[in-house]
Amino acid sequence: MTTITLRPDQPFDLDRTLSCGQAFRWEKVEGWWQGIVEGRAIRIRQDADLLTFSGVDAEFICDYFRLDQDLPGILSSIDRDPVIARAIQECWGLRLVRQQPWECLASYICATNTNIPAVKRRIALMAERFGGPVDGPFGTAYTFPEPEVLASAPFDDLWDCRLGYRTDYISSAAALVAEHPDWVERVAALPLEDARRVLMELRGVGPKVADCVLLFAFDSFEAFPVDVWVHRIMATTYLPDIAGRSCKPSDYERIRRFAQDYFGKYAGYAQEYLYCMRGHAEWQKRGGR
DNA sequence: CGCCAGGCTGTGC
DNA sequence: GCACAGCATGGC
């Protein structure tokens, strides 16, 4: 067991961070969060300002949860009106975790037009079938499958992971990443808009998936993914003339441009705080206003 | 049963 | 450029 004591200037809420739906490989069991990150099985809990964990070292935890990122500074930079202020207040301690590009890409391809429990199930099934076993603090776990393995997996075996119509998307994305070992570096080296276009060349990757991957795995904090929840929140509070519920491409573009201009270079944090607020009872009670 | 979910692709105009 | 159908799956 290792511990980290959070400083007063390091606001952090482990529960909020791992349950808000950004990462899909964590589960809370008897007070402990169990997860698989970068091939390691991690067990972690929080008691006030004390983090207790095993499976990785303190540097890994600090890096994964971005504990050294100046969250108070970021939040004050996006805190521009009462709505986002309330999200910041109610989602106190939420941090964006540092995800691995390939896993993040595949995960969000699995996350289109579906719900979070189903995404978690798909990823767990893929890991059990195509990942590697790792012994950790909570028995045997399975790493997220390497692109080479998924690229050569028979269609029917992938289909059995409940991927549905996304089966081909995962297969071909895996093939591309497997064929280009420098894929991550190449995308990482591109400016946001160029990286976005490159990601969207993949089948099954549209604007929303591309923005998620850029935000969660490529440190593009200006990226602003617009899913149905964020679309709803943005339309009701900031762009009331957007009528439809279907998020047309022009709406998507308008929303993200507005958000980047309005919230600034950490618009992605604003997105995640607004998204996190979607499930808040008080928000829903008031009909999203 | 129907409707919705961290949407995207393909077709037709 | 726009709209609109179709899509596998699971939660509620």
Side-chain angles (χ1 to χ4, degrees), chain A residues 16-27 87 91 94-97 99 101 103-126 129 155-173 176 196-218 220-221 223-236 242-257 259 267-281 283-284 287-288:
Chain A
R16 198 115 58 198
T17 297
L18 293 180
S19 63
C20 75
Q22 56 176 322
F24 303 108
R25 298 222 65 199
W26 290 93
E27 189 184 358
C91 304
L94 172 64
R95 285 177 180 266
L96 294 179
V97 303
Q99 302 194 36
E103 176 175 340
C104 186
L105 172 65
S107 297
Y108 278 91
I109 288 175
C110 291
T112 61
N113 195 30
T114 187
N115 49 53
I116 290 170
V119 181
K120 287 186 168 180
R121 182 173 179 211
R122 292 179 185 120
I123 293 169
L125 287 170
M126 279 195 288
R129 189 176 295 223
F155 179 91
D156 288 347
D157 291 355
L158 263 183
W159 178 268
D160 287 344
C161 298
R162 323 307 290 174
L163 301 186
Y165 62 87
R166 309 165 189 83
T167 304
D168 276 330
Y169 302 159
I170 291 295
S171 192
S172 63
L176 185 135
R196 204 168 178 269
R197 275 190 288 273
V198 168
L199 289 172
M200 287 172 61
E201 287 172 6
L202 292 166
R203 289 195 40 192
V205 179
K208 192 272 177 181
V209 172
D211 285 333
C212 282
V213 175
L214 288 167
L215 176 62
F216 298 138
F218 284 99
S220 297
F221 300 111
F224 195 87
V226 181
D227 72 329
V228 294
W229 293 103
V230 173
H231 178 266
R232 201 167 292 158
I233 293 168
M234 293 300 289
T236 53
I242 291 181
R245 291 108 198 87
S246 56
C247 200
K248 297 168 287 188
S250 56
D251 289 343
Y252 192 108
E253 199 62 14
R254 225 187 115 198
I255 290 170
R256 84 175 178 105
R257 293 298 184 187
Y269 263 91
Q271 185 274 354
E272 202 58 15
Y273 273 74
L274 292 172
Y275 180 77
C276 185
M277 197 171 62
R278 80 196 179 284
H280 198 277
W283 172 270
Q284 299 197 335

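The sequence lines fix the lettering, A, B, ..., with proteins before strands; numbering per chain opens at 1.
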Separation of atom CZ in A:R122 from atom C1' in B:dG7, rounded to whole Å:
12 Å

Under the 3.5 angstrom rule, does the side chain of A:R256 hit a backbone N or O of A:F224 as a donor-acceptor pair?
no

Considering just the side-chain nitrogens and oxygens of A:R166, establish if one lies under 4.0 Å of OP1 or OP2 belonging to B:dC8.
no

Can you measure A:N115 atom CG to C:dC12 atom C1' for me and round it to whole angstrom units?
10 Å

What integer distance in Å separates A:D227:CG from B:dG7:C1'?
10 Å

Starting from P on C:dC2, measure out to CZ on A:R254 and report it in whole angstrom.
12 Å

Residues passing the side-chain hydrogen bond (donor to acceptor under 3.5 Å, both in side chains) test with A:R95, sequence neighbours excluded, are none

Within this structure, what is the CG-to-P distance between A:N113 and B:dT9, rounded to whole angstrom?
13 Å

Does the plane of the ring in A:Y273 sit parallel, tilted or perpendicular to the ring in A:Y269? Use 30° and 60° as the thresholds.
tilted

Looking at every strand, decide which applies to A:I116 at a 4.0 Å heavy-atom threshold: base, sugar-phosphate, or nothing.
sugar-phosphate

Can a donor-acceptor pair be found, under 3.5 Å and without considering hydrogens, that links the side chain of A:R257 to the backbone of A:R254?
no

With distance as the sole test, does A:S171 use its side chain to make a donor-acceptor pair with the main-chain N or O of A:T167 at under 3.5 Å?
no

Select base, sugar-phosphate, or nothing to describe what A:F216 touches, counting heavy atoms under 4.0 Å on all strands.
base

Just the rounded figure in Å: distance from P of B:dG7 to CZ of A:R196.
15 Å

With the threshold set at under 4.0 Å for non-hydrogen atoms, list the residues of residues 198-212 of chain A touching DNA chain C in residue-number order.
none

Check whether any side-chain heavy atom of A:R129 lies under 4.5 Å from a side-chain heavy atom of A:D157, and answer yes or no.
yes

Pick the P atom in B:dT11 and in C:dA8, then give their distance to the nearest Å.
15 Å

Any side-chain N or O of A:R232 less than 4.0 Å from the OP1 or OP2 oxygen of B:dA5?
yes

Polar side-chain atom of A:Y108 near backbone of A:V213 as donor-acceptor pair, under 3.5 Å
no

On the nucleotide C:dC2, are OP1 or OP2 found under 4.0 Å from the side-chain N or O atoms that A:S250 carries?
yes

Atom pair distance, as rounded to whole Å: CG in A:D160 and C1' in C:dA8
13 Å

Suppose we call a contact any N or O donor and acceptor under 3.5 Å apart; does that hold for the side chain of A:Y169 and the base of B:dG7?
no

Any A:W229 side-chain N or O less than 4.0 Å from OP1/OP2 of B:dC4:
no

Without decimals, in angstroms, what is the distance between A:D251 CG and B:dC8 P?
14 Å

Against the side chain of A:V228, the closest entry in B:dA5, C:dT9, C:dC7 is B:dA5

